[in-house]
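Remember, it's a predicted structure, so these values are computed and weren't measured experimentally. Computed from heavy atoms alone, side chains included, the values below leave out hydrogens, waters and symmetry copies.
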Amino acid sequence: MTFAATVVTLYPEMFPGPLGVSLAGRALADRLWSLDTRNIRDFATDKHRSVDDTPAGGGAGMVLRPDVLAAAIDSVSDGRPMLALTPRGKPLTQGRVRELAAGPGAILLCGRFEGFDERIFEARDIEPVTVGDFVLSGGELAAMVLLDACVRLIPGVMGAASSGEEESFEQGLLEYPHYTRPVTWEGRTIPEVLRSGDHAKIAAWRHQRALADTRLWRPDLIERHGGASQAPPSGARHDKDEGQD
């Protein structure tokens, strides 16, 4: 089953953009996933091809019209999950990304201007999502972020099937820090435990560092997962002082 992505946007020329290079680009060329775009403006009904209008109640900016949006998304609706990229959406998580990547694909609706007429969410089954607590000029870059996160999890895209298993957010923690050659650089040396060859000690050290870094940088993740991620990996030794170079 190929992961099929359809992006509903006012700027189809922005795609594939970064999705056409590196892992996602190779997978696209190898047909491990597909990408299609649909121009919202093609569904405008007046001679000016209008897709927006002034906000009801007054205010700055313009709002995307629900009738035009509905016509655009109805033209591609086929049972795949439909998501709208908007700052008012639910934060995108790695868990949701995994669910999407395991499915048939997704239809992504990209906002512009002041956003969507709220009635589109009442009339259609659309999941509002956001990629962060900030505002972009439009949903296209956010759609690329979502698709990149999904595509890399499609079987055959990453070199090793286990490549994504210990990454940040997979176990409710940030990923542990990484090191490589040279062993010593500018007076800083790779922690001795990582050079020991003792896989149990290495696993325990990595878990301890992941937990410590998460507590420092993202304590909200610890709270969100109820502390469940604080348990060490199965079979690993858990010594608080071990390997803390």
Side-chain angles (χ1 to χ4, degrees), residues 2-21 24-25 28 33-97 99-101 103-151:
T2 299
F3 181 93
T6 300
V7 181
V8 182
T9 171
L10 285 170
Y11 297 97
E13 63 272 20
M14 293 180 68
F15 295 86
L19 298 173
V21 298
L28 188 60
W33 71 293
S34 65
L35 176 63
D36 184 30
T37 58
R38 195 58 56 98
N39 193 333
I40 297 172
R41 202 171 294 280
D42 289 343
F43 297 87
T45 57
D46 65 338
K47 65 179 181 180
H48 300 295
R49 302 182 74 200
S50 302
V51 298
D52 57 351
D53 211 327
T54 55
M62 303 290 279
V63 179
L64 288 166
R65 292 174 46 150
D67 53 342
V68 179
L69 288 172
I73 61 178
D74 288 350
S75 73
V76 296
S77 180
D78 57 6
R80 285 174 293 164
M82 191 176 301
L83 301 92
L85 286 307
T86 168
R88 297 185 67 243
K90 183 178 180 180
L92 184 66
T93 65
Q94 188 68 11
R96 185 64 180 120
V97 165
E99 292 173 353
L100 292 169
I107 298 169
L108 305 181
L109 180 58
C110 300
R112 279 276 162 175
F113 316 125
E114 291 302 308
F116 309 102
D117 184 303
E118 188 65 18
R119 291 172 293 180
I120 195 66
F121 298 105
E122 300 168 3
R124 299 293 186 273
D125 185 13
I126 304 172
E127 177 185 352
V129 295
T130 180
V131 296
D133 296 340
F134 48 86
V135 179
L136 298 169
S137 299
E140 288 78 14
L141 292 178
M144 292 177 191
V145 168
L146 188 155
L147 289 176
D148 183 81
C150 289
V151 168

Looking at [X] and [Y], what are the two nearest heavy atoms and their distance?
X: P87; Y: V135; answer: CG-CG2, 4.3 Å
X: I107; Y: S77; answer: CD1-CA, 3.9 Å
X: I120; Y: P66; answer: CD1-O, 3.8 Å
X: T86; Y: P128; answer: CG2-CB, 3.7 Å
X: A5; Y: W33; answer: CB-CZ3, 4.1 Å
X: F113; Y: D52; answer: CE1-OD2, 3.4 Å

(message) Could you go through D42 and R49, starting from their C-alpha distance and side-chain angles, then the distance that decides it, and tell me whether this counts as side chain to side chain contact (heavy atoms under 4.5 Å, CB included)?
(response) CA-CA 8 Å; D42 289 343; R49 302 182 74 200; 2.8 Å; yes
Any side-chain heavy atom of [X] sitting closer than 4.5 Å to one from [Y]?
X: V51; Y: L64; result: yes
X: V7; Y: R38; result: no
X: F116; Y: R88; result: no
X: L85; Y: V129; result: yes
X: L28; Y: L35; result: yes
X: K90; Y: E127; result: no
X: E140; Y: R112; result: yes

(message) If you count every heavy atom of other residues, nucleotides or ligands that lies below 6.0 Å from D74 atom CG, does the total exceed 12?
(response)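 Yes.
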(request) Count the heavy atoms of every other residue, nucleotide or ligand shown that sit under 6.0 Å from CG of D133, and state whether that count exceeds 12. (result)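 Not more than 12 within 6.0 Å, no.
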(request) Tell me, with the steps shown, if D125 and M82 meet side chain to side chain contact (heavy atoms under 4.5 Å, CB included). (result) CA-CA 7 Å; D125 185 13; M82 191 176 301; over 6 Å; no
(request) Test L146 against L100 for side chain to side chain contact (heavy atoms under 4.5 Å, CB included), laying out the working first. (result) CA-CA 10 Å; L146 188 155; L100 292 169; 4.2 Å; yes
(request) Would you give the length of the straight line joining atom SG of C150 to atom CG of L19, rounded to the nearest 0.5 angstrom? (result)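 Answer rounded to 0.5 Å: 10.5 Å.
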(message) Going by the rule salt bridge (Lys or Arg N to Asp or Glu O under 4.0 Å), which residues pair with D78 if we only count those two or more places apart in sequence or in a different chain?
(response)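 Scan of D78 (salt bridge (Lys or Arg N to Asp or Glu O under 4.0 Å), adjacent residues dropped) gives R80.
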(message) Could you check whether E122 pairs with R119 (Lys NZ or Arg NE/NH1/NH2 to Asp/Glu carboxylate O, under 4.0 Å)?
(response)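 A salt bridge is absent here (no side-chain N lies under 4.0 Å from a carboxylate O).
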(message) Working note: L69 + D117, criterion side chain to side chain contact (heavy atoms under 4.5 Å, CB included); need CA distance, chi angles, decisive distance, verdict.
(response) CA-CA 9 Å; L69 288 172; D117 184 303; 5.6 Å; no
(message) I'd like to know if the side chain of T9 reaches the main chain of Y11, judged simply by a donor and an acceptor atom lying under 3.5 Å from each other, with no hydrogens or angles considered.
(response)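 Flag set: sc T9 to bb Y11 pair under 3.5 Å.
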